[in-house]
Undergrad: 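Can you keep this structure in mind? I'll have questions shortly.
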Amino acid sequence: MSTLENKIAIVTGASRGLGEGIAVELARRGATVVCADLHSAEDTAATLQSAGSPKSSSAKVDVPSAASVDELVGSTVETHGRLDIMVNNAGIYTYGAIADVTDEDFRRTMDVNIGGVFNGSRAAARVMKEQKSGRIINTASQLGKLARPNEGVYSASKAAVILMTQALGLELAPYNITVNAICPGCMHTEMMEKSFAEIAQSEGITLEQKLQDYLDAKIPTGRFGTLEDMGRMVAWLASDEASFTTGSALNLTGGEQVFF
Ligand SMILES: NC(=O)c1ccc[n+]([C@@H]2O[C@H](COP(=O)([O-])OP(=O)(O)OC[C@H]3O[C@@H](n4cnc5c(N)ncnc54)[C@H](O)[C@@H]3O)[C@@H](O)[C@H]2O)c1
């Protein structure tokens, strides 16, 4: 197992779901993690502390706000002296036909999903360029690579994450910094349940039926992804073992999608 001893990490969206899974895995491998979220991530930080990462902490952040993200990164560097791993994971899901999506939902989705990744990447890049080392890892989605009805706004926001990741990977490679995205498929979190509930309702079937139908039809490995699956992929990208991987958008879908 790769070690992340003495590494300092920030994970956004760490109060629950995939962000929590990422924070737990990074800490398990030795990193000190600042668990950042719009809502309190104190419970996540407490879990890390009791699991042997005593300096891990929580912080409030609103990722579409550059000032809020700059403050998060600045205070992390002030406290810990450096920033080795920036995980821009916070995101929101929007369901609805493009013809029906409101201005507010469109803007909020873009502001959080791509604006948040931009703010986090820019703040981290400035610190990491000085250090001449670092890892930036962005949570995109398989929906950043394919179109489906009713998910166009979310897809567009995640496609933007992938392209920004690729460009930044090229820009930062000379500074010993890698930048990669992960494209999860169906990972069992509150966000996934919410999105499936909306689809089930629109199809007039129960959530349980929708989940089972989807598994049977689409995921060859026969299960949904877990927080641990996500945590392990982030931990690998954050490690020295992944130093030749940059500008990638790696699928984490159990075979649901196999495209590049
Ligand atoms: N769950 C899936 O199946 C799945 C699939 C593909 C991609 N994703 C992506 O993975 C990431 C995490 O998803 P999840 O399933 O854990 O979702 P989730 O809704 O369970 O958790 C998202 C977290 O982000 C936080 N957040 C939302 N807006 C924020 C803001 N403005 N500032 C700071 N934090 C904010 C929330 O408070 C929450 O803790 C998202 O970017 C999502 O788009 C999830």
Side-chain angles (χ1 to χ4, degrees), residues 10-25 34-45 47 58-73 86-95 105 107-121 123 137-146 148 151 153-162 164-165 181-199 210-211 214-215 218-219 223-231 233-234 249-254 256-257:
I10 293 173
V11 180
T12 68
S15 80
R16 68 178 194 206
L18 298 182
E20 184 183 0
I22 294 163
V24 166
E25 189 61 27
V34 178
C35 305
D37 204 290
L38 188 58
H39 305 293
S40 170
E42 282 175 20
D43 287 352
T44 308
T47 303
S58 64
K60 283 281 181 83
V61 70
D62 185 18
V63 296
S65 160
S68 175
V69 174
D70 289 349
E71 158 71 20
L72 169 70
V73 171
M86 181 76 193
V87 186
N88 296 302
N89 166 77
I92 56 173
Y93 177 75
T94 303
Y95 182 82
D105 282 349
R107 295 229 166 78
R108 184 72 188 155
T109 308
M110 292 298 165
D111 285 351
V112 174
N113 290 3
I114 182 59
V117 169
F118 168 70
N119 288 330
S121 298
I137 300 159
N138 299 324
T139 303
S141 169
Q142 65 176 353
L143 289 170
K145 297 182 178 182
L146 87 156
R148 277 185 195 160
E151 295 184 300
V153 169
Y154 180 76
S155 278
S157 72
K158 293 299 189 176
V161 170
I162 292 172
M164 189 180 288
T165 300
I182 297 177
C183 299
C186 287
M187 315 296 285
H188 211 142
T189 65
E190 278 185 43
M191 177 182 280
M192 189 205 89
E193 288 234 352
K194 181 172 170 269
S195 69
F196 272 78
E198 283 176 290
I199 297 166
K210 182 72 208 168
L211 291 171
Y214 196 94
L215 265 187
K218 297 209 167 167
I219 308 186
R223 67 173 178 86
F224 293 108
T226 64
L227 307 192
E228 292 75 19
D229 291 320
M230 183 71 178
M233 187 175 264
V234 171
L250 303 178
N251 296 334
L252 184 65
T253 70
E256 182 179 353
Q257 300 298 342

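In each ligand, atom 1 is the first atom listed, and ligand 1 is the first ligand listed. Atoms considered below: every heavy atom in the structure, side chains included; atoms not considered: hydrogens, waters and symmetry mates. Counting begins at 1 with the first residue of the sequence.
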Undergrad: Could you tell me if any non-hydrogen atom of Gly185 lies under 4.0 Å from any atom of ligand 1?
TA: yes

Undergrad: Output the list of atoms in ligand 1 that are nearer than 4.0 Å to some heavy atom of His39, sorted by atom number.
TA: 37 (O)

Undergrad: Closer than 4.0 angstrom: is that true for some heavy atom of Lys60 and an atom of ligand 1?
TA: no

Undergrad: How far is atom 39 (O) of ligand 1 from its nearest protein heavy atom, and which residue and atom name does that atom have?
TA: Asp37 OD2, 2.6 Å

Undergrad: Could you tell me whether ligand 1 has any atom less than 4.0 Å away from a heavy atom of Ala140?
TA: yes

Undergrad: Is the closest heavy-atom distance from Tyr154 to ligand 1 below 4.0 Å?
TA: yes

Undergrad: Output the list of atoms in ligand 1 that are nearer than 4.0 Å to some heavy atom of Pro184, sorted by atom number.
TA: 5 (C), 6 (C), 7 (C)

Undergrad: Does the Thr189 side chain pair with the main chain of Leu18, one donor and one acceptor, at a distance under 3.5 Å?
TA: no

Undergrad: If I compare all heavy atoms of Val34 with all of Leu72, which pair ends up nearest, and what's the gap?
TA: CG1-CD1, 3.9 Å

Undergrad: Please report whether ligand 1 has a polar contact with Leu18, defined as an N or O pair separated by less than 3.5 Å (distance criterion only).
TA: yes

Undergrad: Quick check on contacts: which atoms of ligand 1 are under 4.0 angstrom from a heavy atom of Ser15?
TA: 39 (O)

Undergrad: In terms of residue, atom name and distance, what is the protein heavy atom nearest to atom 17 (O) of ligand 1?
TA: Met191 CB, 3.3 Å

Undergrad: I need the atoms of ligand 1 closer than 4.0 Å to a non-hydrogen atom of Val61, numbered in the order shown.
TA: 32 (N), 33 (C)

Undergrad: Looking only at heavy atoms of Lys158, does any of them come nearer than 4.0 Å to an atom of ligand 1?
TA: yes

Undergrad: Look up atom CZ in Phe118 and atom CE in Met110, then write down how far apart they are to the nearest 0.5 Å.
TA: 15.5 Å

Undergrad: I'd like to know if the side chain of Asp37 and the backbone of Ala14 have a donor-acceptor N/O pair within less than 3.5 Å.
TA: yes

Undergrad: Just which atoms of ligand 1 are under 4.0 Å from any heavy atom in Arg108?
TA: 31 (N)

Undergrad: Return the minimal non-hydrogen interatomic distance between Thr12 and Asn89, and the atom names on each side.
TA: OG1-N, 2.9 Å

Undergrad: What atoms of ligand 1 come within less than 4.0 Å of a heavy atom belonging to Cys186?
TA: 3 (O)

Undergrad: Would Val112 count as a polar contact of ligand 1, with the cut-off being nitrogen or oxygen pairs under 3.5 Å?
TA: no

Undergrad: Anything under 30° is parallel, anything over 60° is perpendicular, the rest tilted; go ahead and classify Phe224 against Tyr214.
TA: parallel

Undergrad: So with a 6.0 Å cut-off around CD of Glu193, is the heavy-atom count from everything else above 12?
TA: yes

Undergrad: Could you tell me the residue and atom name of the protein heavy atom closest to atom 22 (C) of ligand 1, and the distance to it rounded to 0.1 Å?
TA: Gly91 O, 3.9 Å

Undergrad: List every atom of ligand 1 that sits less than 4.0 Å from any heavy atom of Pro64, numbering the atoms from 1 in the order shown and giving each element.
TA: 31 (N)

Undergrad: Please confirm whether Thr12 approaches ligand 1 to less than 4.0 Å, judged on its heavy atoms.
TA: no

Undergrad: Looking only at heavy atoms, which two atoms of Ile182 and Ile137 are closest? And how far apart?
TA: CD1-CG2, 4.2 Å

Undergrad: For atom 34 (N) of ligand 1, which protein heavy atom lies nearest, and how many Å away is it?
TA: Leu38 N, 3.3 Å

Undergrad: Between Gly120 and Asn88, what is the shortest heavy-atom contact and its length?
TA: CA-OD1, 3.3 Å

Undergrad: Considering only non-hydrogen protein atoms, determine which one is nearest to atom 3 (O) of ligand 1 and report residue, atom name and distance to 0.1 Å.
TA: Met187 N, 2.9 Å

Undergrad: Write out the residue and atom name of the closest protein heavy atom to atom 40 (C) of ligand 1, then the distance separating them to 0.1 Å.
TA: Asn89 O, 3.3 Å

Undergrad: Could you measure the distance from the OH atom of Tyr93 to the CE atom of Met191? Nearest 0.5 Å is fine.
TA: 9.5 Å

Undergrad: Which atom names give the shortest non-hydrogen contact between Glu20 and Ser15, and what distance separates them?
TA: OE1-O, 4.0 Å

Undergrad: Taking distance alone, with N or O pairs closer than 3.5 Å, would you say Val63 contacts ligand 1?
TA: yes

Undergrad: Which residue supplies the protein heavy atom nearest to atom 35 (C) of ligand 1, what is that atom called, and how far is it?
TA: Ala90 CB, 3.7 Å

Undergrad: Tell me whether Lys145 contacts the main-chain N or O of Gln257 through its side chain, where contact means a donor paired with an acceptor under 3.5 Å.
TA: no

Undergrad: Run Thr94 and Thr109 through side chain to side chain donor-acceptor pair (under 3.5 Å) and show every step you take.
TA: CA-CA 7 Å; Thr94 303; Thr109 308; 2.4 Å; yes

Undergrad: Using heavy-atom distances, let me know which of Leu252, Val161, Asp62, Thr189 sits nearest atom 15 (O) of ligand 1.
TA: Thr189

Undergrad: What is the minimum heavy-atom distance between Val73 and Ala123, and which atoms define it?
TA: CG2-CB, 3.7 Å

Undergrad: Please report which non-hydrogen protein atom sits nearest to atom 10 (O) of ligand 1, along with the residue it belongs to and the distance in Å to one decimal place.
TA: Thr139 CG2, 3.1 Å

Undergrad: Can you figure out which of His188, Met230, Glu190, Arg16 has its heavy atom closest to atom 19 (O) of ligand 1?
TA: Arg16

Undergrad: Rounded to the nearest 0.5 Å, how far apart are CD of Glu256 and SG of Cys186?
TA: 4.5 Å

